[in-house]
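Below: the structure, in structure tokens.
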There are 2 protein chains.
Amino acid sequence: MARPREFEPEEALQAIKDTFWRLGYEGASMQEIEAATGLKKQSLYRLFGDKRGMYLAAVEHYGRHEVTEAAAILAQPGPARDRIARLFGAMIDAAVKGGDRRGCFLCNASIDQAPSDEATRKLVGYMMNEVRGAIEAALAVSAPYDKDRKAREARAAHLMAAYFGLRVMIRAGMPPALLKTAAKEAAASV
Amino acid sequence: MARPREFEPEEALQAIKDTFWRLGYEGASMQEIEAATGLKKQSLYRLFGDKRGMYLAAVEHYGRHEVTEAAAILAQPGPARDRIARLFGAMIDAAVKGGDRRGCFLCNASIDQAPSDEATRKLVGYMMNEVRGAIEAALAVSAPYDKDRKAREARAAHLMAAYFGLRVMIRAGMPPALLKTAAKEAAASV
DNA sequence: ATTGTTACGGACCGTTCGGTCAATAATTAG
DNA sequence: CTAATTATTGACCGAACGGTCCGTAACAAT
């Protein structure tokens, strides 16, 4: 029983996520966030408490959407190598064809907030493990990974590193040819 | 003919680099830099112009020292696989035994400054290529990479991604076991 | 229609930011 | 010794920061 809000919290959160993703925690001023969401500070503060609350909510949103989407790609049918190739291929396409050079929000958060903020570190750690699990599951559909747990875990850890590294290189502005080469080699090594 | 400075610019720059490395560009306030160097603002501004000048000088310093050191590890005698293993091993040791969770300054700079600052982007791009070149050179000492340029370049690009990714994971606070597994697998795949 | 509650909008707050100024100290060239 | 030059220091600056307050508007319950 009160005045209803005039915006959709989910849309606002999406805009907040995009802003932090592009600019980082400190780089995203409240002014930017107001502009991105079309909302006034007060509405944002009432909904999220403070700036850090917005950031953590943004990271969670990333987990619910982007991470989930990556896991979905890995869960599509086909042998392990194809699944990994699709994951890396989608990433490269988004960067090269789509011009998306934002990188991986988890990596960005790891670098600019994880060292100083425990909540971020925990959240990011949890989500990175989700990625790892999804990669392991994709590997597990093909030999020799289906029967060799050690090999599967090791390969997944390695691929996870290559995946994150590539996304850093994407944000760094590395040339498409190099990105494609690295992605192909990652998939071919499975 | 004038009053001589009372500090060593190289030492100051090292302290500045460490500060930016730990805290990032925006996270490192001038106050923090003053404390780290033991110098007053004015001395720093006279030497570097402005904060961005300090940052770029810090990135260059990283190139002259840390990147060069990594290249030196890769240039030590032995077959390609051993060279790569030493590179990854040194990184993991520093993180796990040495407690150095700062990650790779090039990666950090890629994420927090490269997208918005062209000078940083160019500098980081140049240095990342140095890393790539050093990895290629290390691969080139062993078969099949010695005679297969394509394979060498592809493998180097992939290993570079894995290397950077691992350093992001180090900064993210991932557990030592996972880091070690990923590093071993990276070296074993050569 | 009145009351209680929540949302909105914008003025406002203290703090911290990067950066500058001006006074003083230390040196060298002549 | 004097003049010229540079280094050091701490006070100082306007702007932007994250965050809050408060008057007004819009709803639900009674």
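Because the structure is predicted, anything quoted here is derived from the model rather than measured. In the text below, chain A, chain B and the rest are named by the order of the sequence lines, each starting its count at 1.
Remark: C1' of C/dT16 and CD1 of B/I33 are 14 Å apart, rounded to the nearest angstrom. In this structure, the NZ atom of A/K40 is 9 Å from the P atom of C/dA11, given to the nearest Å. If you take CD of B/E34 and C1' of C/dG18, they are 11 Å apart, rounded to a whole angstrom. Taking atom CD of B/E32 as the reference point, atom P of C/dG19 lies 16 Å away to the nearest angstrom. When the C1' atom of C/dC8 is taken as reference, atom CZ of A/R5 falls 12 Å away, rounded to whole Å. When rounded to the nearest whole Å, the span between CZ of B/R46 and P of C/dG19 equals 16 Å. Straight-line distance from the CD atom of A/E8 to the P atom of C/dC8: 12 Å, rounded to whole Å. Here C/dT27 presents its C1' atom at 16 Å from CZ of B/F7, a figure rounded to the nearest Å.
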- Please lay out, stage by stage, how B/E66 and B/H61 fare under the test side-chain hydrogen bond (donor to acceptor under 3.5 Å, both in side chains). CA-CA 8 Å; B/E66 278 77 8; B/H61 190 276; 4.9 Å; no
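With respect to B/E185 and A/R155, a salt bridge is recorded, a charged nitrogen being found less than 4.0 Å from a carboxylate O.
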Pairwise N/O distances under 3.5 Å, protein to nucleotides 12-19 of chain D:
unit_1 : atom_1 : unit_2 : atom_2 : d
D/dC17 : OP2    : A/Q31  : OE1    : 3.1
D/dG18 : OP1    : A/K51  : NZ     : 2.5
D/dG18 : OP2    : A/M30  : N      : 2.8
D/dG19 : OP2    : A/Y45  : OH     : 2.9
D/dG19 : OP2    : A/K51  : N      : 2.9
D/dG19 : N7     : A/K41  : NZ     : 2.9
D/dG19 : O6     : A/K41  : NZ     : 2.3

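Contacts classified as ring-ring contact (aromatic ring centres under 6.0 Å, His included) and involving residues 147-173 of chain A (residues at least two apart or in different chains) are given here: A/F88-A/Y163, A/H158-B/H158.
In terms of polar N and O atoms assigned as donor or acceptor, the side chain of B/Q42 comes within less than 3.5 Å of the base of C/dC21 in a complementary pairing.
Using bins of under 30°, 30° to 60° and over 60° for the plane-to-plane angle, the ring pair A/F105/A/Y62 lands in the perpendicular bin. Using cut-offs of 30° and 60° for the angle between ring planes, the B/F20 and B/Y55 rings count as perpendicular.
The side chain of B/S43 contributes no N or O atom lying less than 4.0 Å from OP1 or OP2 of D/dA7.
For the residue pair A/R52 / A/Q113, a side-chain donor-acceptor distance below 3.5 Å is found, with atom types taken as modelled.
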